Amino acid sequence: MKKIFFVIIHFLILFKVFGQSSIYQDFIDINNSFTKDSLLVNQRLEIINTHDGSKKIKIAKSIFCERKEFTVLPEDKNLSILSTTSGYWMKNSKTKKPIKISGSFSVDEIQMQDLLKIDYENDYEITESSLSEFLLKRKNKKISYAHLKLSYDASSKAYTIFVLDNDFKAIKKIVYEASFVDNIQCFSRIKIYNMAFNTNIENCFVTESIKPIKVSKALFVPEYMDELLKCVN
C-alpha cells in the first residue's frame, strides 16, 4: 500500500514539475519564433481610446535577427528603433545620429518596451511558480519592467502577463494570442491594457506578414541604422 502511495505522490510531483515546465517553455518557444532566422515582419498597431471609441492605426515594419530587432514607424518621420542586448537607440529624419533611449520612451501612447519584442528567456528569470502561474524578475536594467506575473488560460489558449511595480501591484496587462502567420507560429495578436496611467488607452499589435530577408548581422549597430532602414523599405 505504501509503495502505491509513494508512486502516486511521485507521479503528481512529476506532473506538476513537467506541467509547469511545458507551459513556460511553450511560451518561450513561441516568443522566440522571430529569432531563429532573419525575418521581415509587418505589423498593424491599433491605438484604441475606450472612452470615445476612437482608433488610430499605425504600420510597423521590423527586421529580427537573433536577439536583435530593428523597427520602423514610417508614418512618424521614419522613426527607427534598434534593440540590441546592450540597449535601445532611436533615429528619425530629423536626427543626424542615433540617440540612446530607455524602454519607457513613448510615441503616441506606445511605449518602446511594448512596441519591441521582449526577450523573456534571456532578460528574465523565474522566482516563484505554481502549476500555471510564474513570477518573473528581470536580470538586467535594459528592461523597464522589473517584475512580471505570467499565467496561461487553457480555455482561451492565451498567455497573460501582468506588469508589476516594486510593491507588486499590477500596472499593465498584456495578453498574448498565438496563431500561424505565413506558416510560422508566433504571438500574432498582442493586447496591452494600462491599469495605472492612461487607462482609457488600449494598444493592439497584429502581425500581418512574415517573410525571410537577407541582411548582415553586422548592420545591427547604431552606426548602421540608415542601412537597415534601406533594407526595410
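Given the structure is predicted, the values throughout are model-derived calculations rather than measurements.
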Measuring only between side-chain heavy atoms, which start at C-beta, is Val175 closer than 4.5 Å to Thr160? yes

Between Phe187 and Tyr176, does the ring centroid distance fall short of 6.0 Å? yes

All pairs passing ring-ring contact (aromatic ring centres under 6.0 Å, His included) where residues 62-112 contributes a residue, at least two apart: Phe34-Phe64

Within 6.0 Å of NZ in Lys137, more than 12 heavy atoms from elsewhere: no

Looking only at heavy atoms, what is the nearest atom pair of Asn92 and Thr95, with distance? N-OG1, 2.9 Å

Would Lys191 and Arg189 count as a side chain to side chain contact (heavy atoms under 4.5 Å, CB included) if you check the C-alpha gap in whole Å, the side-chain angles of each, and the deciding distance to 0.1 Å? CA-CA 7 Å; Lys191 299 176 182 176; Arg189 183 178 292 268; 3.6 Å; yes

Evaluate whether atom NZ of Lys149 has more than 12 neighbouring non-hydrogen atoms of other residues, nucleotides or ligands under 6.0 angstrom away. no

Minimal non-hydrogen separation, Ser86 against Lys100, with atom names: O-NZ, 3.4 Å

With Tyr120, which residues qualify under ring-ring contact (aromatic ring centres under 6.0 Å, His included), at least two apart? Phe27, Tyr124

Which hydrophobic side chains are connected to Phe180, either touching it within the sub-4.5 Å cutoff or through other members that do? none

Any sub-3.5 Å donor-acceptor pair from Asp182's side-chain atoms to Ile210's backbone N or O? yes

Can Glu69 and Thr71 be said to form a side-chain hydrogen bond (donor to acceptor under 3.5 Å, both in side chains), step by step? CA-CA 6 Å; Glu69 176 183 353; Thr71 293; 2.8 Å; yes

Is there side-chain contact between Asn32 and Ile30, with at least one heavy-atom pair below 4.5 Å? no

When every non-hydrogen atom of Lys157 is compared with those of Tyr152, the smallest separation belongs to CA-OH, 3.6 Å

Would a 4.5 Å heavy-atom cut-off, applied to side chains only, mark Glu202 and Ile192 as touching? no

